[in-house]
Amino acid sequence: MTTRITHWTDGSATPGDSGRSGPVFNPATGEQTGEVDLAGRDELDRAVRSATEAAAFWRSTSLARRTGVLFRFRELLAASIDDLAAIITSEHGKVLSDAKGEIQRGLENVEYACGVAEHMKGGYSEQAGTGVDVYSIRQPLGVVAGITPFNFPVMVPLWMCANAIATGNAFILKPSEKDPSASLFLADLWKKAGLPDGVFSVVQGDKEAVDAILEHPDIAAVSFVGSTPIARYIYETGTRNGKRVQALGGAKNHMLVLPDADVDMAADAAVSAAYGAAGERCMAISVAVAVGDVADPLVDAIAARMPKLRIGDGTDPDSEMGPLITREHRDKVADYIRQGVEAGATAVVDGREADVPSDGFFLGTTLLDRVSPEMTVYTDEIFGPVLCVVRQDSYDEAIALINSNPFANGTAIFTRDGGAARQFQFDVEVGMVGVNVPIPVPVSYYSFGGWKASLFGDAHMYGPEGIAFYTRGKVVTSRWPDPATSTIDLGFPTHR
Ligand code: NAD
């Protein structure tokens, strides 16, 4: 039996009427478990109309009341971690501990948004001219939309909607059609938290719904997270239609290991950052750049750890890595491994040969050594459990390699030398940098974003830049008549 997965408009689950729908699978079993409605323009338009009305009311709701809703949402979300994690695992496949981790990181964004009163404070300059005061305020944009990827079906929507709603906008979420159910769980929590109907909506769909969002005149801004070709398309189309757009794209994250690094520490980090969530993380490490004679011990240490990683159904507490999202994606990743080996890379561990469950979309972990920059395993974002090792002779060569890569989401250096780490932080042309930290996802009071082909637009996501993205500034210059000139005697002296 498959479950029908609907939209959420005007505060309740709303079945679609476009006549289009798509299958949703449990990647651990390969079975279809759901059928998601795919919206057309009419369904999107209905959601926008409801959101437009709600936005007008919501922006005039006091900060105190808005914050109250956010605090209640935070409590409800924290109390629902187990239930929500089970939904994530059933459609995404990641292990439950990972799913819970994703919710925790999302919760941070809700906590940050609970401080919206502080974040939205303006400035005030008294007596900028004689009798003239100047002050700034930030106001919401109206209706804003978020288009999200499959790999974080809870965290990425929370990156967006917590700040968008806190700042007084109505938010429409278009989740990935591959794991759409978590969005409805979030919608229900918002309702239980007391959020007025229409302030948070879900429009399920694929390209058709996305295009309707990009062209809708009453949507003021679009936040996107996904692959680079789609991010570019979203940015170009959305801005052409007059919208404010932030579009985060794909990644190829390099981990630079210097000869003085703690090899055990670097190998532990490489294994968890390359293979966690089956490599389907935008901040996953997919290239280890080994400088000088650290290469052999590093490759050995990583290879020694790989057989210990337990691969299985994400609901099994013993599993450390689950399946990939779809059969097609699993086969595509396997084909990249074939291409890498054919191009001359050494498969130290070949995931295609691993003993993994035959049901579902599983693939073992792969370690490719002696990868060179022209190979497709290096140039393309594989988005699977494949770690490439590129050997370089010097720091300078390594930094040149990283900086010439078109992706620039995250990177990390492993070294014991503080000066080298500081130089790396200065030199590297990447948006998020770790020092002996493989996945440097910023905490919620900083902002998240890569450079180059990993981000289109100039606003990073969440944190202070998220608040700025979802609001626009207004500066008021005011002069009041001198009270001494009032027709009513207010008792003011006239000498001022
Ligand atoms: P994707 O680009 O295929 O899909 C993302 C969203 O775009 C989905 O909602 C999808 O329905 C929609 N979409 C897909 N094809 C479209 C098209 N032709 N026209 C319009 N809309 C379309 O990405 P994905 O496979 O869901 O997610 C994985 C990708 O996301 C990876 O590239 C990963 O690096 C990236 N990602 C990046 C970050 C980041 O912060 N930079 C975070 C998470 C994921």
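Owing to the predicted nature of the structure, the values given are computational and were not obtained by experimental measurement. In listed order, ligands and their atoms are each counted from 1.
- A heavy-atom cutoff of 4.0 Å around ligand 1 is satisfied by the protein residues I147, T148, P149, F150, N151, W159, K174, P175, S176, E177, K207, V210, F224, V225, G226, S227, I230, L248, G249, G250, A251, C282, E381, F383, N409, F448.
- Remark: aromatic rings of Y112 and H119 are close, center separation under 6.0 Å.
- No side-chain donor from either of T2 and Q32 sits under 3.5 Å from a side-chain acceptor of the other.
- Between R41 and E215, at least one side-chain N (NZ, or NE/NH1/NH2) sits under 4.0 Å from a carboxylate O, which counts as a salt bridge.
- A donor and an acceptor atom, one from each side chain of T14 and T9, are located under 3.5 Å apart.
- At most 12 heavy atoms of other shown residues, nucleotides or ligands fall within 6.0 angstrom of atom NZ in K332.
- In this structure, K100 pairs ionically with D82, as a charged nitrogen and a carboxylate oxygen lie closer than 4.0 Å.
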